[in-house]
Amino acid sequence: MKSGTKTRATALASGVCLAMLVTAGCGNDEGTTVESAPASTERTDTTTLPNPAPGMSGDGFGLPDDPEADAFTYDEAAVPVGSTVDVESEDDNGRTTVTLSVTGLAPNRDFGVHVHTRPCGPQPSDSGPHYQNNPDPAATPESPSTDPAYANPRNEVWLDITTDDNGDARASSTVDWEFRDDGANSVVIHAQRTLTGPGEAGTAGDRLACIDEDF
């Protein structure tokens with residue numbers, strides 16, 4: 001699905017939805033934004049969006065052993081079975097906009113959200129590291145990138161959210177590049193907002209849920 005417009009809906013079953021903003025991170029702590037190097041010329045636009053429409057349809061989160069599910073929860077308290085998620089991706093003249101809508105997650109809490117390289121699997125780690133437009137040459141499978149020059153919302157796609165009283169939220173991010181073919185395959189919801197400081201940039205706590213997405 002690498003043409004002009006790509007849309008994919010994956011939803012979790014829950015009612016009414018609320019809009020939320022996307023921030024520059026998913027992390028374990030608060031961090032300080034550090035100026036990036038190779039990615040510094042790339043722009044990211046973050047947008048606060050209207051609430052998802054009541055009764056938003058889509059695939060619901062299932063358990064990792066559910067062969068029919070396209071979205072998996074690893075933490076049912078934070079991302080209950082039956083909550084919903086919708087991911088949409090659109091390419092336009094070399095830019096990419098990714099929009100995330102969720103309903104029915106744990107209410108009134110922050111989540112970090114990133115695009116990852118591999119599809120979801122039974123284990124949270126199966127989705128691999130964050131997708132990077134300019135890959136960090138120092139990163140390894142055992143030690144993913146935490147350098148703010150590469151782990152930042154211009155070189156990656158970050159969709160951090162804060163849920164409302166109903167556990168609903170919505171966020172969008174626009175970057176000045178398009179995904180490589182088969183380079184990005186999932187969206188992961190993390191336990192905390194993204195950190196941005198040296199040595200911790202891009203980290204956001206445990207992986208709570210994963211959504212398969214063909215970008």
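A quick note: this is a predicted structure, and the numbers were derived from the prediction, not measured.
Within the 3.5 Å criterion, the main-chain N or O of Tyr150 finds a donor-acceptor partner in the side chain of Asn155. With hydrogens and angles disregarded, a donor-acceptor distance shorter than 3.5 Å links the side chain of Arg180 to the backbone of Asn133. Using modelled atom types, no side-chain atom of Asp66 and backbone atom of Leu63 make a donor-acceptor pair closer than 3.5 Å. Looking at Arg118, its side chain never comes within 3.5 Å of a backbone N or O of Ser125 through a donor-acceptor pair. The backbone N or O of Pro80 lies less than 3.5 Å from no partner atom in the side chain of Thr73, so there is not a single donor-acceptor pair. When atom types are taken as modelled, the side chain of His116 and the backbone of Gly128 share a donor-acceptor pair closer than 3.5 angstrom. Although no hydrogens or angles enter the test, the distance criterion places a donor-acceptor pair under 3.5 Å between the side chain of Glu178 and the main chain of Gly94. Looking at Ser127, its side chain never comes within 3.5 Å of a backbone N or O of Cys120 through a donor-acceptor pair.
Between Tyr74 and Pro122 the shortest heavy-atom distance is CE2-O, 3.5 Å. The two residues Arg154 and Val175 come nearest to each other via the heavy atoms O-CG1, 4.1 Å. Residue Pro107 comes nearest to Thr163 through the heavy atom pair C-OG1, 3.3 Å, listed as atom of the first residue, atom of the second, then distance. Closest approach of Trp158 to Pro153, counting heavy atoms only: CZ3-CD, 3.6 Å. The two residues Ser186 and Phe215 have their closest heavy-atom pair at O-CE1, 3.9 Å. When all heavy atoms are compared, the tightest approach of His114 to Ala204 is CE1-CB, 3.8 Å.
Taking CZ of Phe72 as the reference point, atom CG of Asp212 lies at 5.5 Å (rounded to 0.5 Å). In this structure, the separation between CZ on Phe111 and NE2 on His190 is 12.0 Å, given to the nearest 0.5 Å. Atom CG of Leu105 and atom CG of Asp164 lie 10.5 Å apart (nearest 0.5 Å). Distance check, rounded to the nearest 0.5 Å: CG of Asp206 to CG of Asp75 gives 8.0 Å. Of the inter-residue distances, the one linking Asn185 atom CG with Glu213 atom CD reads 9.5 Å to the nearest 0.5 angstrom. In this structure, NE2 in His130 is found 11.5 Å from CG in Asn152, a value given to the nearest 0.5 Å.
Contact annotation: the side chain of Asp165 approaches that of Asn108 to within less than 4.5 Å [non-hydrogen atoms, C-beta and beyond]. Ile161 places a side-chain heavy atom less than 4.5 Å from the side chain of Val113. Side chains of Asp86 and Glu88 form a contact here, defined as non-hydrogen atoms less than 4.5 Å apart.
Between Asp91 and Thr96, the side chains place a donor N or O and an acceptor N or O closer than 3.5 Å (distance only, hydrogens not considered).
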Working for side-chain contact (heavy atoms from CB on, under 4.5 Å), residues Val115 and Phe179: CA-CA 10 Å; Val115 172; Phe179 292 110; 3.9 Å; yes
Asp136/Thr146 under side-chain contact (heavy atoms from CB on, under 4.5 Å): CA gap, chis, key distance, verdict: CA-CA 9 Å; Asp136 183 348; Thr146 55; over 6 Å; no
